[in-house]
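Quick note: numbers below take in every heavy atom, side chains included, and nothing from hydrogens, waters or symmetry partners.
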Amino acid sequence: MIVQLDPLSISFPPAATALHEPNGLLAVGGDLSAERLLYAYQNGIFPWFSNNDPILWWSPNPRAVFYPDQIHVSRSLAKAARQKPWRVTINNSFADVIDACARVRADKEGTWITDEMMNAYLNLHKLGHAHSVEVWLDEHLVGGLYGVSIGRTFCGESMFHTATNASKIALMRFADAFHNDGGQLIDCQVGNPHLFSLGAHELSRERFLVKLHSSQTSTMPSQFWTPRQLESSGSPTCGSD
């Protein structure tokens with residue numbers, strides 16, 4: 001059965017008690033306070049719901065993740081990364097990135113990035129827990145991603161692009177920097193063919209939680225999240241197209 005959260009407590013039922021169908025549905029209700037969101041992410045749980053729905057909380061099995069040193073960079077993506085003067089930054093325009101992610105999804109299939117969700121993650125960003133990566137061409141924001149930092153895990157929430165390959169460039173450059181500064185895992189929640197083509201792996205929920213909790217024994221260097229331009233550390237390893 002789905003657990004109704006106690007509004008006076010930020011606790012959740014164990015992730016292992018989530019439903020098999022729909023996959024990972026764990027609880028309903030509560031709020032999107034910073035305290036509840038952080039507790040959820042620390043325990044492998046995230047909110048996902050549509051307008052006019054109650055807040056739904058999920059912990060799917062299996063879980064899709066990237067190992068930051070194993071992003072699959074195809075020859076065509078490596079070529080695209082060299083052909084244009086991409087500029088990639090971190091934490092320069094969080095509000096613009098989450099707004100763009102919401103607009104892109106609303107245009108396609110309706111968005112789960114509601115105003116309530118946007119305000120909650122903007123608050124997490126102000127508190128130093130949510131972060132964005134931006135991709136620029138000619139000073140125009142053309143792609144990016146955002147998510148939540150939990151120890152040495154980055155819990156990716158959404159990405160967008162208005163220029164071909166821009167979101168892939170964001171992931172590639174971020175993963176490179178994240179790995180070089182000790183990042184261990186990039187959570188992407190539920191896998192799909194696009195994520196798998198970029199090198200995502202599936203882990204059982206149990207295995208994912210072990211890795212997530214292990215990554216919380218230390219944190220990323222505080223300067224990693226300082227707004228700045230992300231430079232490539234070298235040529236990525238390329239796979240076949």
Go through the steps to decide whether Leu26 and Leu19 satisfy the test side chain to side chain contact (heavy atoms under 4.5 Å, CB included), and finish with yes or no.
-> CA-CA 6 Å; Leu26 177 68; Leu19 298 181; over 6 Å; no
Can Leu25 and Ile2 be said to form a side chain to side chain contact (heavy atoms under 4.5 Å, CB included), step by step?
-> CA-CA 7 Å; Leu25 182 57; Ile2 303 173; 3.3 Å; yes
Can you check side chain to side chain contact (heavy atoms under 4.5 Å, CB included) on Phe49 and Met117, steps first, answer last?
-> CA-CA 9 Å; Phe49 60 100; Met117 289 280 274; 3.6 Å; yes
Determine, stepwise, if the pair Ile55 / Val28 fulfils side chain to side chain contact (heavy atoms under 4.5 Å, CB included).
-> CA-CA 6 Å; Ile55 300 173; Val28 61; over 6 Å; no
Should Tyr67 and His201 be marked as a ring pair (Phe, Tyr, Trp, His ring centres under 6.0 Å) after you check the CA-CA gap, both sets of side-chain angles, and the distance that decides it?
-> CA-CA 8 Å; Tyr67 296 111; His201 299 261; 5.2 Å; yes
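Annotation: side chain of Ser167 is not in contact with side chain of Phe160 (no heavy-atom distance under 4.5 Å). Looking at heavy atoms from C-beta onward, Ile150 lies in side-chain contact with Leu38 at the 4.5 angstrom threshold. Using a 4.5 Å cut-off on side-chain heavy atoms (C-beta onward), Trp225 and Ile90 make contact. No side-chain heavy atom of Phe178 sits under 4.5 Å from any side-chain heavy atom of Ser149. At least one side-chain heavy atom of Leu185 sits under 4.5 Å from a side-chain heavy atom of Phe208. Looking at Leu32 and Pro47, their side chains come closer than 4.5 Å, going by heavy atoms from C-beta outward. Leu124 is listed as a side-chain neighbour of Val148, based on a closest heavy-atom distance under 4.5 Å. Residues Gln189 and Trp48 form no side-chain contact, since every pair of their non-hydrogen atoms from C-beta on lies 4.5 Å or further apart.
In this structure, the side chain of Asn43 does not engage the main chain of Ile45 through any donor-acceptor pair within 3.5 Å. No donor-acceptor pair under 3.5 Å is formed between the side chain of Trp58 and the backbone N or O of Pro22. Judged by distance alone, with hydrogens and angles left aside, the side-chain atoms of Arg87 form no donor-acceptor pair with the main-chain N or O of Leu137 at under 3.5 Å. Side chain of Asp176 to backbone of Met172: no donor-acceptor contact under 3.5 angstrom is found. Side chain of Asn192 to main chain of Leu195: a donor-acceptor pair is present (N/O by atom type, distance under 3.5 Å, no hydrogens or angles). Without hydrogens or angle criteria, Ser74 side chain to Leu77 main chain gives a donor-acceptor distance under 3.5 Å. Using modelled atom types, no side-chain atom of Thr89 and backbone atom of Asn92 make a donor-acceptor pair closer than 3.5 Å.
Here the straight-line distance linking atom CG of Asp115 with atom CG of Leu122 works out to 10.5 Å at 0.5 Å rounding. For the atom pair Cys101 SG and His161 NE2, the distance stands at 11.5 Å (nearest 0.5 Å). A distance of 6.5 Å separates CG of Leu212 from SG of Cys155, quoted to the nearest 0.5 Å. For the atom pair Asn119 CG and Ile98 CD1, the distance stands at 8.5 Å (nearest 0.5 Å). Rounded to the nearest 0.5 angstrom, Trp86 CH2 and Ile169 CD1 are separated by 5.5 Å. One finds the CG atom of Asn165 at 11.5 Å from the NZ atom of Lys79 (value rounded to the nearest 0.5 Å).
Side chains of Gln184 and His179: a donor-acceptor N/O pair is absent below 3.5 angstrom, by distance only. A side-chain donor-acceptor contact under 3.5 Å links Arg152 and Ser218.
In terms of the side chain to side chain contact (heavy atoms under 4.5 Å, CB included) criterion, residue partners of Thr226 (sequence neighbours excluded) are, by chain and number, Gln223. Every residue meeting the salt bridge (charged side-chain N to carboxylate O under 4.0 Å, His left out) condition with Asp99, not counting sequence neighbours, appears here in chain and number order: Arg103. Taking the side chain to side chain contact (heavy atoms under 4.5 Å, CB included) definition, one finds that Pro14 meets it with Thr17, sequence neighbours left out. Legend: residues meeting side-chain hydrogen bond (donor to acceptor under 3.5 Å, both in side chains) with His213, ordered by chain and number and at least two apart, are absent. In this structure, the side-chain hydrogen bond (donor to acceptor under 3.5 Å, both in side chains) partners of Ser9, at least two apart in sequence or on a different chain, are Ser11. Scanning for side chain to side chain contact (heavy atoms under 4.5 Å, CB included) contacts around His20 gives an empty result, with sequence neighbours left out. Take Arg36 and apply the salt bridge (charged side-chain N to carboxylate O under 4.0 Å, His left out) test, not counting sequence neighbours, and it matches Asp31. Listed by chain and number, the residues in a side chain to side chain contact (heavy atoms under 4.5 Å, CB included) with Glu35 are Ile10, Ser33 (sequence neighbours excluded).
Nearest approach of Leu230 to Ala177, heavy atoms of both residues: CD2-CB, 4.0 Å. Shown here for Ala200 and Phe66, the closest heavy-atom pair between the two residues is N-CE2, 3.2 Å. Between Pro60 and Asn23 the shortest heavy-atom distance is CA-OD1, 3.8 Å. Nearest heavy atom pair, residue Ile71 against residue Ala175, reads CG1-CB, 3.5 Å. Among all heavy-atom pairs drawn from Ala15 and Leu209, the shortest one is CB-CD1, 4.1 Å. The two atoms that bring Val97 and Gly144 nearest to each other are CG1-C, 4.2 Å, heavy atoms only.
Under the 4.5 Å side-chain heavy-atom criterion for grouping Ile, Leu, Val, Met, Phe, Trp and Tyr, Met118 is connected to Leu56 within one hydrophobic cluster.
Within the structure, the salt bridge (Lys or Arg N to Asp or Glu O under 4.0 Å) test picks out no pair touching residues 204-229 (sequence neighbours left out). Counting only residues at least two apart or on different chains, no salt bridge (Lys or Arg N to Asp or Glu O under 4.0 Å) pair has a member in residues 45-55. Pairs engaging residues 56-67 under the salt bridge (Lys or Arg N to Asp or Glu O under 4.0 Å) rule: Arg63-Asp187 [sequence neighbours left out]. Within the structure, side chain to side chain donor-acceptor pair (under 3.5 Å) pairs that include any residue of residues 124-133 comprise Asn91-His131, Ser132-Glu134 (at least two apart or interchain).
You'll find the ring centres of Trp57 and Phe46 outside the 6.0 Å limit. Ring to ring, Phe154 and Phe174 are close: their centroids are under 6.0 angstrom apart.
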